[in-house]
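The figures here come from the full heavy-atom set of this structure, side chains too, leaving out hydrogens, waters and symmetry mates. Order of the sequence lines sets the chain letters (A, B, ...), proteins ahead of strands, with each chain counted from 1.
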2 protein chains.
Amino acid sequence: MNAEERIEKARERVIEALSKNMDLYGVTPSIGRLYGILYFNDGPMTLEEMSDALGMSKTSMSTGVKTLTDLKMVEKTWKKGVRKDLYRVEEDWYETFSEFFCIKWRKGSDMNLAAIERSLTELQAVIADEESSEEVKAVAQKDIERLQQAQEYYHWLNRLVDAFETGEIFNHIPRKE
Amino acid sequence: MNAEERIEKARERVIEALSKNMDLYGVTPSIGRLYGILYFNDGPMTLEEMSDALGMSKTSMSTGVKTLTDLKMVEKTWKKGVRKDLYRVEEDWYETFSEFFCIKWRKGSDMNLAAIERSLTELQAVIADEESSEEVKAVAQKDIERLQQAQEYYHWLNRLVDAFETGEIFNHIPRKE
DNA sequence: TTATATATACAGAAAAAACTGTACGAAGTG
DNA sequence: CACTTCGTACAGTTTTTTCTGTATATATAA
């Protein structure tokens with residue numbers, strides 16, 4: 001095996017591992033490999049180059065790159081004189097990690113907190129209602145306690161996200177040992 | 001709308017929000033709703049009760065509950081005199097959160113680090129090889145640098161996982177404000 | 001042990017997602 | 001302007017996943 005092939009194989013191994021673990025980011029192995037190709041490529045790539053490299057349609061590259069861009073893992077760049085769109089990976093993986101989980105966690109947190117708050121209000125109304133029986137009130141009370149616990153958890157999650165967004169997390173868990 | 005219905009609706013809203021956000025945990029909305037049902041139920045449930053509550057087959061409940069158990073979100077319990085398997089949610093969401101992400105992150109980290117280490121060794125061999133041209137060596141060198149950066153990142157991720165596993169994270173981001 | 005209840009393996013049906021090729025609109029060029 | 005090139009919307013196809021019903025294995029009680 002010559003040197004070029006050995007390098008290629010070394011890349012292939014890492015790309016394969018990468019793409020297998022990208023499901024953590026909710027990304028299919030195909031898109032994972034796309035990311036891997038972009039990761040090892042010197043400089044940005046066009047949709048056509050990706051298409052050639054992976055043997056997949058340009059349409060798939062377009063949607064794949066869109067997914068990765070939405071996840072802030074890839075960004076569009078621009079080079080003078082080049083008409084085609086160019087894309088490159090966000091090289092800072094700490095940033096990629098934070099961006100991804102912050103977006104997801106914050107979204108989940110917001111949605112669930114909103115639902116919880118509305119439901120808490122309603123349950124409190126049930127308890128305040130003169131017509132509610134004692135049994136019903138007890139059920140409502142139990143749900144309220146459950147939801148308050150959940151609320152506390154989501155507030156914690158929000159603070160965790162804050163720590164990632166501000167970079168404060170790196171004071172606690174430093175980048176280098 | 002009577003009180004029971006209002007409570008039911010309050011639960012429904014939260015379950016819906018929960019299940020929509022469970023894709024973060026790589027779980028389908030169906031299984032998310034199953035989790036929600038278990039979450040609000042007082043005491044553990046049998047497969048049959050889940051089946052009735054969701055209007056889905058018992059087979060689906062069996063596989064769904066297995067998924068949730070693997071994720072440590074649900075656990076099997078036992079009650080004297082009850083022959084059926086009983087399941088209940090892990091109530092501590094901090095624990096659920098940590099368990100899930102630690103398992104996933106650690107797995108990804110291990111796999112990728114293993115691939116990276118093997119490839120690094122190979123690339124170093126390419127550089128050491130007398131027969132390699134200067135251009136090839138430069139490419140290998142560039143890849144080595146990339147992989148070393150990745151390695152550093154994964155070491156950080158491992159330390160982050162450690163902080164969750166030991167509970168040290170709660171010293172930095174306390175559960176209550 | 002037998003009778004009975006319970007959970008899961010498996011095959012097939014239904015639903016969802018991934019992927020492709022074509023077509024069309026937008027953007028750049030002469 | 002006309003002409004070319006590029007990216008993506010869309011429809012259709014293939015692949016994968018989800019879900020169900022049946023059949024079988026396992027466990028419990030008498």
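- Side chain to side chain, Glu168(A) and His172(A) meet the donor-acceptor criterion of an N or O pair below 3.5 Å.
- The phosphate of dC19(C) (OP1 or OP2) has a side-chain N or O of Ser30(A) nearer than 4.0 angstrom.
- Checking Gly81(A) against Ile31(A), the closest nucleotide of DNA chain C that is more toward the 5' end is the one next to Ile31(A).
- Put simply, the side chain of Leu113(A) reaches to within 4.5 Å of the side chain of His155(A), judged on heavy atoms.
- Each of dG28(C), dC19(C), dC19(D) was ranked by its minimum atom distance to the side chain of Ser60(B); first place goes to dC19(D).
- Just one residue in the list Phe101(A), Trp105(A), Phe170(A) forms a side-chain contact (heavy atoms from CB on, under 4.5 Å) with Phe164(A), and that residue is Trp105(A).
- Within 4.0 Å of Thr28(A), counting heavy atoms only, lie sugar-phosphate atoms of the nucleic acid but no base atom.
- For dG21(D), its base sits under 3.5 Å from the side chain of Thr59(B) at one donor and acceptor pair at least.
- The interatomic distance linking Trp78(A) (CH2) with dG28(C) (C1') rounds to 12 Å, in whole Å.
- For the pair Val89(A)/Phe40(A), no side-chain contact is recorded, criterion being any heavy-atom separation below 4.5 Å from C-beta on.
- When the side-chain nitrogen and oxygen atoms of Ser57(A) are compared with OP1 and OP2 of dT20(C), one or more of them lie within a distance under 4.0 Å.
- Between the CG atom of Leu47(B) and the P atom of dA5(C) there is a distance of 17 Å, given to the nearest Å.
- At dT8(D), one or more side-chain N or O atoms of Ser62(A) fall inside 4.0 Å of OP1 or OP2 (strictly under the cut-off).
- Set against dG7(D), dC19(D), dT29(C), the side chain of Met56(B) has dC19(D) as its closest nucleotide.
- The side chain of Lys84(A) has dC6(D) as its nearest neighbour among dT20(C), dA29(D), dC6(D).
- Take the nearest nucleotide of DNA chain C for Arg83(B) and for Lys76(B): the residue whose nucleotide is more 5' is Arg83(B).
- Whole-Å rounding puts the Lys66(B) NZ to dC10(C) P distance at 13 Å.
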